Each structure stands twice: as structure tokens, then as C-alpha cells.
Amino acid sequence: MKNKTFPKKEGYLMVEIFCAISISLIVMNIVTIMLKDSNNLVNQTDNRIEIMEQFSEMKSTIKRELRNSNNIKFYYKGNSIFLDNKFERIDKIRFSQFEDVKNGNPVIINREMFLSRDKNKIFIYYNGGSFEIGNYVVDMEVRKESKDNFSIKLKLNKNNNNFSDIINIRTRN
């Protein structure tokens with residue numbers, strides 16, 4: 001009896017194709033997950049940088065406004081807050097400043113700094129208008145350090161990235 005030889009078929013088996021497709025899908029899924037995670041990390045870093053820059057700007061403005069002020073009063077929901085050595089929540093600061101006039105007679109200007117909780121922004125109000133000094137502020141607290149010193153703690157949040165820091169202010173008046 002003669003050996004029958006079957007002709008050799010060229011190509012791939014169905015099992016080989018399914019294995020190759022499965023491995024390709026797994027590799028693509030891993031790459032997609034890695035790209036998504038790195039994109040989230042970049043977004044978190046951008047948010048963190050943004051709120052730290054906002055804090056820095058607010059810190060310089062708040063220090064400048066309050067350092068040379070007198071008659072500084074703190075409020076929460078319309079009630080005056082008396083400072084002690086622990087942090088108390090506030091939403092408004094009222095203060096007075098001297099403004100030099102050309103004829104040499106100083107004028108006292110009353111100002112108000114307030115936190116708009118629904119907008120997460122801090123504003124300064126004076127002379128019939130207000131201007132924004134910072135975003136992402138969710139809470140503001142104050143504590144008395146000594147007779148002429150107090151600290152303001154700002155809590156900021158942007159897209160679940162929290163940041164909190166303290167501004168130490170020494171009044172000159």
C-alpha cells in the first residue's frame with residue numbers, strides 16, 4: 001500500500017487567529033488603561049498647580065489689604081466673631097484704611113472682604129463696587145495669634161483636589 005500524503009495547507013488555524021486577536025486586545029486594553037491613568041495624573045497636577053497659584057495671589061492681596069488696616073472685624077453669617085487661639089469659621093472681614101488725598105487730608109475708607117460660598121470666590125467690596133481676588137475657596141477661618149497678629153486659613157478645592165494653607169498677618173496700625 002502506498003502512503004498517501006496529504007498536500008500541506010498554507011495559512012493559519014482558527015485557534016491561532018483567536019489567540020492572536022485575544023493577545024492584541026489585552027495589550028491594547030493595558031495601553032488604554034495606562035494612557036487614561038497618566039491623563040488623570042496630568043489633570044490632577046494641573047488642578048493642584050492652579051489652586052496653589054490662586055492661593056499665592058490671594059495671600060499677597062489679603063496681606064496687603066489687611067496689614068495697613070485698622071478696625072478689623074470678623075463675621076460669620078452676620079454675627080461678629082471674637083478671636084481666640086483656635087480657628088473660627090468666617091465669611092466676612094470688615095476693615096478701614098486711610099487713603100491719602102492730594103490736599104494732605106487723609107480719608108478713611110471702609111472695605112469689606114467676603115467669601116461667596118455658592119461661587120467659591122473671595123471678593124473685596126469698597127466704593128460701591130467689588131472685585132474678585134480668588135477662586136476655588138470653600139472655607140475661610142481665622143485665629144488670633146497675639147495682640148497685633150492673626151492667621152487666616154483658606155481651604156481651596158478644585159475637582160476634588162484639596163489645598164489648605166495659613167496666612168499670617170501682622171497689623172501695623
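These figures come from a predicted structure and were not determined experimentally.
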(request) Return yes if some donor-acceptor pair links the side-chain N/O of Thr61 with the main-chain N/O of Met58 below 3.5 Å, else return no. (result) no
(request) Supply the atom-to-atom distance Asp165 CG to Leu154 CG, rounded to the nearest 0.5 angstrom. (result) 8.5 Å
(request) Output the distance between atom OG1 (Thr45) and atom CG (Asn161), rounded to the nearest 0.5 Å. (result) 8.5 Å
(request) Check whether Leu25 and Leu35 end up in the same hydrophobic cluster, where Ile, Leu, Val, Met, Phe, Trp and Tyr are linked by side-chain heavy atoms less than 4.5 Å apart. (result) no
(message) Let me check something: do Val142 and Ile124 share a hydrophobic cluster, defined by ILVMFWY side-chain heavy atoms less than 4.5 Å apart, either directly or through other members?
(response) yes
(request) Taking the side chain as every heavy atom from C-beta outward, state whether Ile166 and Lys153 have any atom pair closer than 4.5 Å. (result) yes
(message) Applying a strict under-4.5 Å side-chain criterion to I, L, V, M, F, W and Y, I'd like to know whether Val137 and Phe114 cluster together.
(response) no
(message) Quick test of your reading of the model: are Arg143 and Glu88 salt-bridged, counting only N-O distances below 4.0 Å?
(response) no
(request) Check whether NZ of the Lys or CZ of the Arg Arg111 lies under 6.0 Å from the centre of the six-membered ring of Phe95 and within 45 degrees of that ring's axis. (result) no
(request) Take Asn85 and Lys144 through the side chain to side chain contact (heavy atoms under 4.5 Å, CB included) test and state the conclusion after the steps. (result) CA-CA 5 Å; Asn85 59 356; Lys144 185 175 184 174; over 6 Å; no
(request) Check whether NZ of the Lys or CZ of the Arg Arg94 lies under 6.0 Å from the centre of the six-membered ring of Tyr75 and within 45 degrees of that ring's axis. (result) yes
(request) Provide the closest heavy-atom pair for Leu156 versus Asn135 in the form atom of the first, atom of the second, distance. (result) CD2-O, 3.7 Å
(request) Report yes if the distance between the aromatic ring centroids of Phe163 and Tyr136 is under 6.0 Å, otherwise no. (result) no
(message) Do Phe87 and Phe74 sit in one hydrophobic cluster, given that two such residues count as connected whenever their side-chain heavy atoms are within less than 4.5 Å of each other, even indirectly?
(response) no
(request) Start with the C-alpha gap between Asn110 and Ile108, add the side-chain angles, then the distance that decides, and say whether side chain to side chain contact (heavy atoms under 4.5 Å, CB included) holds. (result) CA-CA 7 Å; Asn110 294 317; Ile108 296 176; 4.3 Å; yes
(request) Working to the nearest 0.5 Å, report the span between CG of Leu115 and CZ of Phe123. (result) 9.5 Å
(message) Can you tell me how far apart NZ (Lys158) and CD1 (Ile49) are? Round to the nearest 0.5 Å.
(response) 10.5 Å
(request) State whether the side chain of Gln97 and the backbone N or O of Glu65 hold a donor-acceptor pair below 3.5 Å, judged by distance alone. (result) yes
(message) Taking Met52's backbone N and O only, do any of them form a donor-acceptor pair with Ser56's side chain (distance below 3.5 Å, no angle check)?
(response) no
(request) Count the heavy atoms belonging to other residues, nucleotides or ligands that lie under 6.0 Å from CZ of Phe131, then report whether that count exceeds 12. (result) yes
(request) For Lys73, look at atom NZ and say whether over 12 heavy atoms of other residues, nucleotides or ligands are found less than 6.0 Å away. (result) no
(request) May I ask you to decide whether Lys155 forms a salt bridge with Glu141, counting only side-chain N to carboxylate O separations under 4.0 Å? (result) yes
(request) Of all the heavy-atom pairs spanning Asn70 and Phe98, show the shortest one and how long it is. (result) ND2-CE1, 3.4 Å
(message) Using a 3.5 Å distance criterion without hydrogens, assess whether the side chain of Glu57 forms a donor-acceptor pair with backbone atoms of Gln54.
(response) no
(message) I want to check something: taking the side chain as every heavy atom from C-beta on, are Ile152 and Ile93 in contact at a cut-off of under 4.5 Å?
(response) yes
(message) Please report the interatomic distance CG(Asn168) to OG(Ser151), rounded to the nearest 0.5 Å.
(response) 3.5 Å
(request) Identify the two heavy atoms, one from Ile90 and one from Arg117, that lie closest to each other, and give their separation to 0.1 Å. (result) O-NH2, 3.3 Å
(request) Determine yes or no for a side-chain-to-main-chain donor-acceptor pair under 3.5 angstrom, with Asp91 supplying the side chain and Lys77 the backbone. (result) yes
(request) Measure the CG-CZ distance between Leu13 and Phe18 for me, rounded to the nearest 0.5 Å. (result) 11.5 Å
(message) Could you go through Leu41 and Asp37, starting from their C-alpha distance and side-chain angles, then the distance that decides it, and tell me whether this counts as side chain to side chain contact (heavy atoms under 4.5 Å, CB included)?
(response) CA-CA 6 Å; Leu41 184 60; Asp37 288 347; over 6 Å; no
(request) Give the cluster check for Ile23 versus Val15: same hydrophobic cluster or not, with ILVMFWY residues linked at side-chain heavy-atom distances below 4.5 Å. (result) no
(message) Whether Arg89 and Asp139 form a salt bridge (side-chain N of Lys/Arg under 4.0 Å from carboxylate O of Asp/Glu) is what I want to check.
(response) yes
(request) Measure from the side-chain N and O atoms of Thr171 to the backbone N and O of Arg67, and report whether any donor-acceptor pair falls under 3.5 Å. (result) no
(message) For Asn149 and Ser146, which I'm curious about, is there any donor-acceptor pair between the side chains at under 3.5 Å?
(response) yes
